[in-house]
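Here is the structure we will look at, set down as structure tokens.
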Amino acid sequence: QVQLVESGGGLVQAGGSLRLSCAASGSILTFNGMGWYRQSSGTQRVLVASIRRSGSTNYADSVKGRFTISRDGAKNMVYLQMNSLKPDDTAVYYCFAAPGSYSQLSWGQGTQVTVSS
């Protein structure tokens with residue numbers, strides 16, 4: 001129902017930064033929640049960061065203090081600012097949206113982030 005398109009992935013050296021963007025086909029400030037999962041090769045998809053309609057945020061312990069999720073309601077965009085990147089952050093990052101129930105999530109196509117040592 002909601003289309004999501006991620007961008008901003010790439011290759012960066014350890015200690016560097018990247019900013020991921022997610023463009024949504026809807027009024028994101030009305031969504032129950034949005035956020036980012038990541039999945040490295042051969043592993044399960046893991047929640048990285050989320051933001052609720054209220055603006056409250058949550059982060060995986062592994063990224064706290066380094067990653068920041070934010071949104072721009074005027075542009076219907078969600079961002080993930082990633083600083084102090086580590087090789088363990090290497091993964092495909094997927095934007096998700098829960099316009100209503102969290103039981104019916106929409107997903108983007110994913111964007112690759114590779115952190116070299």
Side-chain angles (χ1 to χ4, degrees):
Q1 187 173 353
V2 174
Q3 283 71 55
L4 303 171
V5 180
E6 303 102 327
S7 62
L11 198 157
V12 65
Q13 292 184 347
S17 298
L18 285 173
R19 189 194 197 195
L20 306 184
S21 299
C22 176
S25 63
S27 300
I28 65 168
L29 296 184
T30 70
F31 292 1
N32 278 340
M34 295 190 72
W36 298 86
Y37 279 75
R38 70 186 183 190
Q39 185 173 28
S40 57
S41 182
T43 69
Q44 198 169 6
R45 195 176 295 184
V46 176
L47 181 64
V48 176
S50 62
I51 183 166
R52 304 198 74 181
R53 186 166 55 206
S54 65
S56 64
T57 59
N58 286 282
Y59 298 92
D61 287 342
S62 59
V63 307
K64 284 181 179 177
R66 300 189 297 119
F67 290 13
T68 303
I69 187 170
S70 62
R71 65 187 178 187
D72 185 336
K75 297 180 178 179
N76 290 324
M77 298 282 286
V78 173
Y79 305 99
L80 186 67
Q81 179 67 46
M82 305 184 295
N83 298 327
S84 301
L85 283 162
K86 305 173 181 180
D88 285 349
D89 296 319
T90 296
V92 178
Y93 285 71
Y94 297 90
C95 180
F96 77 87
S101 175
Y102 281 92
S103 298
Q104 292 183 294
L105 299 179
S106 297
W107 295 93
Q109 82 286 354
T111 185
Q112 176 71 47
V113 172
T114 302
V115 184
S116 65
S117 59

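Nothing here was measured: the structure is a model prediction, and the numbers come from that model.
Ion pairing between K86 and D89 fails under the 4.0 Å rule for side-chain N and carboxylate O.
In the model, S27 has no side-chain atom that pairs as donor or acceptor with a side-chain atom of T30 under 3.5 Å.
Using a 4.5 Å heavy-atom cutoff, the side chains of M82 and L20 are in contact. S21 places none of its side-chain heavy atoms less than 4.5 Å from the side chain of K75. Side chains of R66 and Y59 form no contact here, defined as non-hydrogen atoms less than 4.5 Å apart. You'll find the side chain of Q112 reaches within 4.5 Å of the side chain of T90, heavy atoms only. Using a 4.5 Å heavy-atom threshold, the side chains of M34 and L4 count as touching.
The hydrophobic cluster containing V5 does not contain V92, counting ILVMFWY residues as joined when their side-chain heavy atoms lie under 4.5 angstrom apart, directly or transitively. Residue V12 is grouped with residue W36 when hydrophobic side chains (ILVMFWY) are merged at heavy-atom distances under 4.5 angstrom, including chains of intermediate members. Hydrophobic clustering (side-chain heavy atoms under 4.5 Å, transitive across Ile, Leu, Val, Met, Phe, Trp, Tyr) groups I51 together with V63. Under the 4.5 Å side-chain contact rule for hydrophobic residues, F31 and V78 share a cluster.
Atom CD of Q39 has more than 12 heavy atoms from other residues, nucleotides or ligands within 6.0 Å.
L80 and A49 make their closest contact through CD1-CB, 4.0 Å (heavy atoms, listed as atom of the first residue, atom of the second, distance). Minimum heavy-atom separation, P87 to S117: CG-CB, 4.0 Å. Taking all atoms of both residues into account, the shortest heavy-atom contact from A24 to I28 is CB-CG2, 3.6 Å. Residues E6 and Y94 come closest through the heavy atom pair OE2-CA, 3.3 Å. Smallest separation of non-hydrogen atoms from A91 and S40: CB-N, 3.9 Å.
Counting only distance, with no hydrogens or angles, the side chain of N76 and the backbone of G26 share a donor-acceptor pair below 3.5 Å. Listed for the Y102 side chain is a donor-acceptor partner under 3.5 Å among the backbone atoms of N32. Remark: the backbone N or O of R53 is paired with a side-chain donor or acceptor of R71 at under 3.5 angstrom.
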Query raised in the report: Can F96 and C22 be said to form a side chain to side chain contact (heavy atoms under 4.5 Å, CB included), step by step?
Result: CA-CA 9 Å; F96 77 87; C22 176; over 6 Å; no
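Taking the six-membered ring for Trp and thresholds of 30 and 60 degrees, F67 and Y93 have ring planes inclined between 30 and 60 degrees apart.
A side chain to side chain contact (heavy atoms under 4.5 Å, CB included) with L18 is found for exactly one of V115, V113, N83, T111, namely V113.
Taken to the nearest 0.5 Å, the SG atom of C95 stands 7.5 Å off from the CD1 atom of I69. To the nearest 0.5 Å, atoms OG (S56) and CG (N58) are separated by 6.5 Å. Distance check: L47 CG to R38 CZ gives 10.5 Å after rounding to the nearest 0.5 Å.
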